Amino acid sequence: MKVVLKKWSGILFLLSAILLFTGAAAAEKAGLNLAFQHLYDVMDRYHSAFYVYTDLSAAGNHFVTLGRISSTGDADKVEIEPGFRGDCLSGATCIRNRFYSGGNNWGGWYFMNGVLQGEETVPLQNWGDYPDAGFDLLGATKLTFHAKGEQGGERVEFFAFGVGRDPGTGLPITTYPDSSPKVSSGYITLSDKWQEYSIDLGGADLSYVIGGFAWVTNSDMNDDRDITFYLDDISYDKSRLDEPRFLVSYETLPSSSDFDTLTKNVAFGYDNALALIAFLSRGRPEDLERAGLLADAFVYAVNNDRYFTDGRLRNGYQGGDLELFPGWNPRGKTATVRMPGWWDVEDYTWYEDEFMVSTHTGNVVWPMIALLNYYRKTGGSQYLEAALTLGEWTENETRDDRCAGGYTGGFAGWEKSASNPGGQEKLLYKATEHNIDIYAAFMLLYEETGDSRWEERALRARSFVDSMWNDEGEYFWTGTLDDGCTINKNPNKLGNPNIPVDIQAWAVMAMNSYYSALNWAESNTYIEDHGFKGFDFNNDRDGVWFEGTAQMAVAYQITGETGKSGIYVSELRKAMTSATNNNGKGIVAACHDGVTTGFEWKYLSRVHVGATAWYIFAEEGYNPYWGRRTGVMPVESDGRDSKGKSGCLITAAASGSPLYSELKVLRDFRDDYLLTNPPGRVLTRLYYKLSPAIAGQIGNHETLRTVIRQGLVFVLYVINHPLYLLAGSGIFIILVFRRKRVNSRRTRGFEAGSPSR
């Protein structure tokens, strides 16, 4: 009886283990798929159609210059409010339109592209007088919009095109008119409920569009009564999913918060770099295609700033179209990358935020890391060249010789202009965070180029990071003050020196050392709040910061503390569907609004591309610095691991030879084939366990190094030409088989001729 019970207990235990493993794997897969779907949705939001209006200052809006049309002397009889907050169809705002009857008057508004020249910040109306200022909308078949009346019964005509053409004959009356005469819906009687309408564009020439949408009405059509009506979600059915673009970082809400105004259309460079690496981490063909579009967007931004030509990046760009609209040529430069901002309806002015237009060092370096990871995966000299440009900018503009050396914080403010003759201001502080990033980026450049200058620069950044380590407390200080020497101990809201959690986790990821910093994070930033367990941004513990919680999960995987990592990955999965303002796919930045950082900004509970990407890294077990699974120790390019011990025997053998430039093939083979399955991961870990001892011997024996190099030549040839290996193996098998058959025949012949025994 005992034997039977023991047998069944074992079976039940095995079944339970299988169910638990299957459940965990299913949760992991479901969470990952949802997170990637969020990134896909954000990336495609403004490119699945060509939008005229979705929300005030939305990243996807086109034809943003308003031009009034009216009967003579009746301009004051038509009003438009593009930022109306009321009973809108979607988003925070819609467009309220008013027409006041007075005799036989008529009037309306054109939504036109306009032109932007010199140092202007508000585009001018273009009634067909400027060249090269129209959109090519070939391929669109209909224009769709949504409208409703204040009371119902309002009669309005909606149309597109016709700018610079006679409204009666449709013939051109200006030098650069719309390519098509007016195409109209005719007069429509509106309901007091939102309804969708469309205009058929069949037969219209859409090659040069100035006036993308318009409305007009008159007194007669409305029985001499004043009318008010609303418009929302206006678009052409023209998809542009193959265009390079950035992802808007946050899902903002209809609120009066400054955050929701300032970040509505902002695509932060840091967040987009993380999204690019996240696509690489899963590596499906469709993921790699999207990673390529982001890489192309970064390359474009490096080379097409509206002012700078030194290769820097700004902290943020605008989502939607990557390039400024045709005819928008600030300082005579065409097709420059778009900067974010917002339209103030009361001041009738376009505003930009100082932080968005600034250049902070980390926001240059993370795109460099992303570009180098993409280059390692796919090749493409333009990506390496862009990374080198960003690296040289970082070296030339932020290298610092004061005290512990390292690199400074970047530049703040706007470029030089008549209203800002001083231009940007150099930031003289040095951040531990920035220098961790620089160390990894420059080491990646060293790996790809073999140029020892990048190694020296990387070690310079690391030396600064080392100087920020607090031996007594076992954590990293945030950096220095503007003098470049004094440690920044500015207080958080509790009056203690402000210490961020991210640099503790990032040091582990980038340098595979300083593990005890995670213990400090547990003791000083762990918090349970709003039903979630996780880590705050800093040591004032006033809320869970989900991005940092994911970073800690990745760091725990590197230190082998997978149990702890699993706890926080589960919390992130829960946040996906339970956190305030969740959308069921992405991860919000914080568990509640107003989580402080000890710096000049706070985190709100808004779905965030950056937090979603870090969740993906935590779920997949992926180190975004080095583009590899967390179970693989990062090895520096001189064949030594991050603790200074002899590391990779292959790198050590190839160092100083032409084989060095070919190691990308082996890294790709490791990442794409070995690390994507359990046996391959076991083999890789075994290699890195045994490799250091052999690498140490290689450094002292040139003969051994030569032998291994010859072996590498063969291995590289096999990987690059697998068909030759298969063909050779096939021929070898055939020859062996034939040999065996010949021997077998000889044996049978011998046996047949032998006397019986």
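Predicted model only: the values in this text are computed from it and were never measured. Index from 1, following the sequence.
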>> If you apply the rule salt bridge (Lys or Arg N to Asp or Glu O under 4.0 Å), what do you find for D226 with K77, and how did you get there?
In response: CA-CA 9 Å; D226 302 339; K77 298 296 193 297; over 6 Å; no
> Between R331 and E120, is there a side-chain N and carboxylate O pair less than 4.0 Å apart?
Replying inline: no
>> Less than 4.0 angstrom from a charged side-chain N to a carboxylate O is my criterion; do D41 and K585 meet it?
In response: yes
> Are K142 and D237 ion-paired here, with the side-chain N under 4.0 Å from a carboxylate O?
Replying inline: no
>> Quick one: does any side-chain atom of S71 pair with a main-chain N or O of D74 as donor and acceptor, under 3.5 Å?
In response: no
>> Please determine whether side-chain contact (heavy atoms from CB on, under 4.5 Å) holds for the pair L324 and R338, giving the CA-CA distance in whole Å, both sets of side-chain angles, and the decisive distance to 0.1 Å.
In response: CA-CA 5 Å; L324 266 181; R338 291 206 302 163; 3.8 Å; yes
> Which heavy-atom pair separates V163 from I210 by the least distance, and what is that distance?
Replying inline: CG1-CG2, 4.0 Å
> Quick one: NE2 on H360 to CZ on F411, what's the gap to the nearest 0.5 Å?
Replying inline: 11.0 Å
> Mind checking whether Y270 and W366 have parallel, tilted or perpendicular rings, split at 30° and 60°?
Replying inline: perpendicular
> Should the pair R155-D220 be classified as a salt bridge under the 4.0 Å nitrogen-to-oxygen rule?
Replying inline: no
> Under the 6.0 Å and 45° cation-pi test, does K148 pair with Y230?
Replying inline: yes
> Minimum heavy-atom separation for Y208 to A133, with atom names?
Replying inline: OH-N, 2.9 Å
> Tell me, do I95 and F111 make a side-chain contact under 4.5 Å, heavy atoms counted?
Replying inline: yes
> Just checking, R282 and F36: is the charged tip under 6.0 Å from the six-membered ring centre and within 45° of the axis?
Replying inline: yes
> Where is the tightest heavy-atom contact between D271 and V609, given as atom of each residue plus distance?
Replying inline: O-CG1, 3.7 Å
> side chain to side chain donor-acceptor pair (under 3.5 Å) between D344 and T349: does it pass, once the steps are laid out?
Replying inline: CA-CA 5 Å; D344 189 295; T349 302; over 6 Å; no
>> Between S101 and D224, do the side chains contain a donor N or O and an acceptor N or O under 3.5 Å apart?
In response: no
> Looking only at atom types and distance, does a side-chain atom of N329 sit under 3.5 Å from a main-chain N or O of G332, one as donor and one as acceptor?
Replying inline: no
> Shortest non-hydrogen contact from I616 to A35?
Replying inline: CG1-CB, 3.7 Å
> N218 and Y187: side chain to side chain donor-acceptor pair (under 3.5 Å), yes or no, with the steps?
Replying inline: CA-CA 10 Å; N218 61 51; Y187 270 86; 3.2 Å; yes
> Can you check side-chain contact (heavy atoms from CB on, under 4.5 Å) on M221 and W106, steps first, answer last?
Replying inline: CA-CA 10 Å; M221 283 290 180; W106 61 272; over 6 Å; no
>> Taking the ring centre of each residue, are Y51 and F213 less than 6.0 Å apart?
In response: no
> Around D129, counting heavy atoms of other residues, nucleotides and ligands shown, do more than 12 lie under 6.0 Å from its CG?
Replying inline: yes
> Does some side-chain heavy atom of Y250 sit less than 4.5 Å from a side-chain heavy atom of V607?
Replying inline: no
>> Between D178 and R165, does any NZ, NE, NH1 or NH2 come within less than 4.0 Å of an OD or OE carboxylate oxygen?
In response: no
>> T54 and side chain to side chain contact (heavy atoms under 4.5 Å, CB included): which single residue from D233, T93, I234 fits?
In response: D233
> Checking salt bridge (Lys or Arg N to Asp or Glu O under 4.0 Å) for the pair K333/D305: CA distance, chi angles, key distance, verdict?
Replying inline: CA-CA 9 Å; K333 298 178 70 173; D305 190 84; 5.5 Å; no
> What are the two closest heavy atoms between V52 and G212, and how far apart are they?
Replying inline: CG2-O, 4.5 Å
>> Counting C-beta onward and ignoring hydrogens, is there a side-chain heavy-atom pair between L390 and L313 closer than 4.5 Å?
In response: yes
>> For a 4.5 angstrom cut-off between non-hydrogen side-chain atoms, does S249 reach T263?
In response: no
> Taking it one step at a time, do W343 and Y348 satisfy ring-ring contact (aromatic ring centres under 6.0 Å, His included)?
Replying inline: CA-CA 7 Å; W343 182 255; Y348 202 74; 4.9 Å; yes
> Would you say T217 and N222 make side-chain contact, with heavy atoms under 4.5 Å?
Replying inline: yes
> Under the 3.5 angstrom rule, does the side chain of N126 hit a backbone N or O of G114 as a donor-acceptor pair?
Replying inline: no
>> What verdict does the salt bridge (Lys or Arg N to Asp or Glu O under 4.0 Å) test give for E150 and R98, after you've listed the backbone C-alpha separation in whole Å, the side-chain angles of each residue and the deciding distance to 0.1 Å?
In response: CA-CA 10 Å; E150 177 88 357; R98 284 175 169 163; over 6 Å; no
> In a check of salt bridge (Lys or Arg N to Asp or Glu O under 4.0 Å) between R306 and each of E415, E119, E323, which one passes?
Replying inline: E415
> Taking 4.0 angstrom as the limit, do R225 and D223 come out as a salt bridge?
Replying inline: no
> F229 and W215: ring-ring contact (aromatic ring centres under 6.0 Å, His included), yes or no, with the steps?
Replying inline: CA-CA 11 Å; F229 68 96; W215 66 264; 4.9 Å; yes
> Could you go step by step and tell me if Q125 and T65 meet the side chain to side chain donor-acceptor pair (under 3.5 Å) rule?
Replying inline: CA-CA 6 Å; Q125 296 174 1; T65 306; over 6 Å; no
> If you measure from the Lys or Arg side-chain nitrogens to the Asp or Glu carboxylate oxygens, is any gap between D55 and K264 under 4.0 Å?
Replying inline: yes
> Would you call R245 and D296 a salt bridge, using N to O less than 4.0 angstrom?
Replying inline: no
> Within the side chain of S180, is there an N or O that forms a donor-acceptor pair under 3.5 Å with the backbone of A204?
Replying inline: no
> Looking at F159, is K182 sitting on its ring face, NZ or CZ under 6.0 Å from the six-membered ring centre and within 45 degrees of the normal?
Replying inline: yes
>> Evaluate T336 against N304 for side chain to side chain donor-acceptor pair (under 3.5 Å), listing each step before the verdict.
In response: CA-CA 5 Å; T336 58; N304 292 278; over 6 Å; no
> Can we call the ring centroids of F135 and H62 under 6.0 Å apart?
Replying inline: yes
> Going through the distances and angles, do F298 and Y383 end up as a ring-ring contact (aromatic ring centres under 6.0 Å, His included)?
Replying inline: CA-CA 9 Å; F298 277 122; Y383 308 115; over 10 Å; no
> Would F158 and F145 count as a ring-ring contact (aromatic ring centres under 6.0 Å, His included) if you check the C-alpha gap in whole Å, the side-chain angles of each, and the deciding distance to 0.1 Å?
Replying inline: CA-CA 9 Å; F158 302 96; F145 61 96; 4.7 Å; yes
>> Can you tell me if D258 has over 12 outside heavy atoms packed within less than 6.0 Å of its CG?
In response: no
> Looking only at heavy atoms, which two atoms of S70 and V78 are closest? And how far apart?
Replying inline: CB-CG2, 4.5 Å
> Near D76 CG, under 6.0 Å, is it more than 12 heavy atoms from other residues, nucleotides or ligands?
Replying inline: yes
>> What's the separation between atom CG in L137 and atom OG in S207, rounded to the nearest 0.5 Å?
In response: 9.5 Å
>> Working to the nearest 0.5 angstrom, can you tell me the gap between W414 CH2 and E352 CD?
In response: 7.0 Å
> Relative to each other, are the rings of Y40 and F279 parallel, tilted or perpendicular (30° and 60° limits)?
Replying inline: perpendicular
